[in-house]
Amino acid sequence: VYKRQYQRRVRGCDFLTEVCLFFPVQMEEETIILKKSLEKYVKEDDARHAIEVLHRLDKIEMQVKILEKTGVGIAVGKLRKHSDQDLASQASKLIDKWKKLVPQQSKDGKDKDKKKDKKKR
(Lines give C-alpha, C1' and ligand atoms only; values in the text may rest on other atoms or scores of the structure.)
Protein backbone atom coordinates (compact mmCIF):
# COMPACT_ATOMS: atom_id res chain seq x y z
CA VAL A 1 0.00 0.00 0.00
CA TYR A 2 2.73 2.47 1.00
CA LYS A 3 4.72 1.78 -2.15
CA ARG A 4 1.70 2.38 -4.40
CA GLN A 5 0.79 5.63 -2.65
CA TYR A 6 4.39 6.78 -2.91
CA GLN A 7 4.59 5.99 -6.64
CA ARG A 8 1.29 7.74 -7.26
CA ARG A 9 2.46 10.86 -5.42
CA VAL A 10 5.77 10.99 -7.27
CA ARG A 11 4.09 10.79 -10.68
CA GLY A 12 1.77 13.73 -10.04
CA CYS A 13 4.13 16.27 -8.49
CA ASP A 14 7.58 17.74 -8.21
CA PHE A 15 9.78 14.67 -7.71
CA LEU A 16 12.49 16.12 -5.47
CA THR A 17 10.11 17.90 -3.12
CA GLU A 18 7.95 14.81 -2.65
CA VAL A 19 10.90 12.49 -2.18
CA CYS A 20 12.10 14.81 0.56
CA LEU A 21 8.81 14.42 2.41
CA PHE A 22 9.28 10.66 2.61
CA PHE A 23 12.98 10.37 3.34
CA PRO A 24 14.47 12.71 5.99
CA VAL A 25 18.07 12.02 4.91
CA GLN A 26 17.25 13.01 1.35
CA MET A 27 15.36 16.04 2.64
CA GLU A 28 18.52 17.17 4.40
CA GLU A 29 20.58 16.65 1.24
CA GLU A 30 18.01 18.51 -0.86
CA THR A 31 18.05 21.39 1.63
CA ILE A 32 21.84 21.60 1.41
CA ILE A 33 21.67 21.66 -2.40
CA LEU A 34 19.02 24.39 -2.32
CA LYS A 35 21.06 26.41 0.18
CA LYS A 36 24.13 26.26 -2.08
CA SER A 37 22.01 27.23 -5.09
CA LEU A 38 20.54 30.14 -3.15
CA GLU A 39 23.97 31.39 -2.13
CA LYS A 40 25.18 31.08 -5.73
CA TYR A 41 22.24 33.06 -7.15
CA VAL A 42 22.57 35.77 -4.52
CA LYS A 43 26.30 36.06 -5.24
CA GLU A 44 25.51 36.37 -8.96
CA ASP A 45 22.77 38.92 -8.12
CA ASP A 46 20.12 36.75 -9.81
CA ALA A 47 17.05 37.56 -7.69
CA ARG A 48 14.57 35.73 -9.94
CA HIS A 49 16.29 32.35 -9.51
CA ALA A 50 16.91 33.00 -5.81
CA ILE A 51 13.16 33.56 -5.33
CA GLU A 52 12.48 30.25 -7.11
CA VAL A 53 14.82 28.51 -4.67
CA LEU A 54 12.98 30.13 -1.75
CA HIS A 55 9.70 28.81 -3.16
CA ARG A 56 11.22 25.32 -3.32
CA LEU A 57 12.38 25.63 0.29
CA ASP A 58 8.88 26.73 1.25
CA LYS A 59 7.43 23.52 -0.23
CA ILE A 60 9.69 21.31 1.87
CA GLU A 61 8.17 20.14 5.14
CA MET A 62 11.01 21.58 7.20
CA GLN A 63 12.10 20.24 10.58
CA VAL A 64 14.10 22.02 13.28
CA LYS A 65 16.80 19.33 13.14
CA ILE A 66 17.36 19.99 9.44
CA LEU A 67 17.43 23.75 9.95
CA GLU A 68 20.12 23.30 12.58
CA LYS A 69 22.23 20.83 10.57
CA THR A 70 22.14 22.66 7.23
CA GLY A 71 22.27 26.29 8.37
CA VAL A 72 19.74 27.20 5.68
CA GLY A 73 17.90 29.45 8.13
CA ILE A 74 20.97 31.66 8.48
CA ALA A 75 21.40 31.89 4.70
CA VAL A 76 17.74 32.81 4.20
CA GLY A 77 17.79 35.20 7.16
CA LYS A 78 20.56 37.25 5.56
CA LEU A 79 18.29 37.89 2.58
CA ARG A 80 15.65 39.72 4.64
CA LYS A 81 17.58 42.95 4.09
CA HIS A 82 18.33 42.34 0.39
CA SER A 83 17.91 45.28 -1.99
CA ASP A 84 15.38 43.34 -4.12
CA GLN A 85 12.08 43.80 -2.28
CA ASP A 86 10.47 40.62 -3.64
CA LEU A 87 13.42 38.52 -2.52
CA ALA A 88 13.51 40.18 0.91
CA SER A 89 9.76 39.70 1.34
CA GLN A 90 9.86 36.00 0.40
CA ALA A 91 12.82 35.42 2.73
CA SER A 92 10.98 37.11 5.61
CA LYS A 93 7.87 34.99 5.04
CA LEU A 94 9.94 31.82 5.03
CA ILE A 95 11.81 32.77 8.21
CA ASP A 96 8.51 33.59 9.94
CA LYS A 97 7.15 30.17 8.93
CA TRP A 98 10.26 28.40 10.22
CA LYS A 99 10.25 30.34 13.51
CA LYS A 100 6.91 28.73 14.31
CA LEU A 101 8.67 25.34 14.30
CA VAL A 102 11.08 26.30 17.07
CA PRO A 103 9.72 25.99 20.63
CA GLN A 104 9.12 29.37 22.22
CA GLN A 105 11.72 30.36 24.79
CA SER A 106 11.13 32.48 27.85
CA LYS A 107 13.39 35.31 28.99
CA ASP A 108 15.44 32.99 31.21
CA GLY A 109 16.22 30.75 28.22
CA LYS A 110 14.09 27.78 29.22
CA ASP A 111 11.47 26.30 26.93
CA LYS A 112 7.92 27.36 27.74
CA ASP A 113 6.70 23.98 26.51
CA LYS A 114 8.78 22.20 29.16
CA LYS A 115 7.35 24.42 31.89
CA LYS A 116 3.82 23.56 30.77
CA ASP A 117 4.66 19.83 30.92
CA LYS A 118 5.95 20.17 34.49
CA LYS A 119 2.80 22.02 35.57
CA LYS A 120 0.59 19.25 34.16
CA ARG A 121 2.36 16.59 36.26
Side-chain angles (χ1 to χ4, degrees):
V1 175
Y2 173 78
K3 190 173 183 179
R4 283 189 211 144
Q5 289 174 346
Y6 171 70
Q7 289 173 343
R8 215 174 293 133
R9 288 189 75 183
V10 170
R11 284 188 202 132
C13 59
D14 181 2
F15 180 75
L16 288 175
T17 302
E18 289 300 319
V19 168
C20 289
L21 295 177
F22 288 103
F23 303 105
V25 173
Q26 290 181 348
M27 185 167 36
E28 185 179 321
E29 292 171 3
E30 174 70 5
T31 304
I32 290 169
I33 291 168
L34 289 172
K35 176 188 169 195
K36 289 179 181 179
S37 297
L38 182 65
E39 290 170 341
K40 175 187 162 203
Y41 292 135
V42 169
K43 187 176 180 181
E44 294 173 356
D45 205 25
D46 188 354
R48 184 176 63 90
H49 284 104
I51 290 171
E52 288 178 16
V53 172
L54 290 177
H55 285 294
R56 284 290 295 277
L57 285 168
D58 191 27
K59 289 180 182 179
I60 293 176
E61 209 172 289
M62 194 58 68
Q63 300 171 359
V64 175
K65 182 172 61 173
I66 293 172
L67 286 171
E68 291 172 348
K69 279 186 174 181
T70 62
V72 71
I74 295 168
V76 173
K78 291 178 183 178
L79 298 178
R80 292 184 292 173
K81 295 184 181 181
H82 195 273
S83 58
D84 185 284
Q85 292 299 316
D86 293 335
L87 181 59
S89 173
Q90 186 63 31
S92 293
K93 288 177 187 174
L94 197 52
I95 291 294
D96 290 341
K97 178 181 174 182
W98 289 345
K99 279 185 179 180
K100 293 176 184 174
L101 298 174
V102 180
Q104 295 296 318
Q105 295 206 351
S106 62
K107 291 180 182 179
D108 62 356
K110 296 180 181 175
D111 290 343
K112 288 182 182 178
D113 294 340
K114 289 181 182 176
K115 285 183 180 179
K116 288 179 184 177
D117 289 341
K118 287 181 182 177
K119 287 180 182 178
K120 289 180 182 177
R121 293 179 190 174

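Gln90 pairs in a side chain to side chain contact (heavy atoms under 4.5 Å, CB included) with only one of the listed residues (Asp84, Val53, Leu57, Leu54), which is Leu54.
Between Glu30 atom CD and Lys59 atom NZ the span is 11.5 Å, to the nearest 0.5 Å. If you take OG on Ser89 and NE2 on His82, they are separated by 13.5 Å, rounding to the nearest 0.5 Å. The CG atom of Asp46 sits 8.5 Å away from the NZ atom of Lys40 when rounded to the nearest 0.5 Å.
With hydrogens and angles disregarded, a donor-acceptor distance shorter than 3.5 Å links the side chain of Thr70 to the backbone of Ile66.
Residues forming a ring-ring contact (aromatic ring centres under 6.0 Å, His included) with His49 (at least two apart in sequence, or on another chain): Tyr41. Contacts of Asp58 classified as side-chain hydrogen bond (donor to acceptor under 3.5 Å, both in side chains), with partners at least two apart in sequence or in another chain: Lys97.
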>> With side-chain contact (heavy atoms from CB on, under 4.5 Å) as the criterion, how do Val72 and Leu34 come out once you've worked through the C-alpha distance, each side chain's angles and the decisive distance to 0.1 Å?
In response: CA-CA 9 Å; Val72 71; Leu34 289 172; over 6 Å; no
> Given the rule in the side-chain contact (heavy atoms from CB on, under 4.5 Å) test, do Lys99 and Ile95 qualify, once you have shown the distances and angles that lead to the verdict?
Replying inline: CA-CA 6 Å; Lys99 279 185 179 180; Ile95 291 294; 3.7 Å; yes
> Thr31 and Lys35: side-chain contact (heavy atoms from CB on, under 4.5 Å), yes or no, with the steps?
Replying inline: CA-CA 6 Å; Thr31 304; Lys35 176 188 169 195; 5.5 Å; no
> Step by step, would you call Arg56 with Glu52 a side-chain contact (heavy atoms from CB on, under 4.5 Å)?
Replying inline: CA-CA 6 Å; Arg56 284 290 295 277; Glu52 288 178 16; 5.9 Å; no
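Here the closest heavy-atom approach between residue Ala91 and residue Val76 is recorded as CB-O, 3.6 Å.
No chain of hydrophobic side-chain contacts below 4.5 Å, direct or via other Ile, Leu, Val, Met, Phe, Trp or Tyr residues, connects Ile32 to Leu38. Leu67 and Ile33 fall into different hydrophobic clusters, where Ile, Leu, Val, Met, Phe, Trp and Tyr side chains are chained together by heavy-atom contacts under 4.5 Å.
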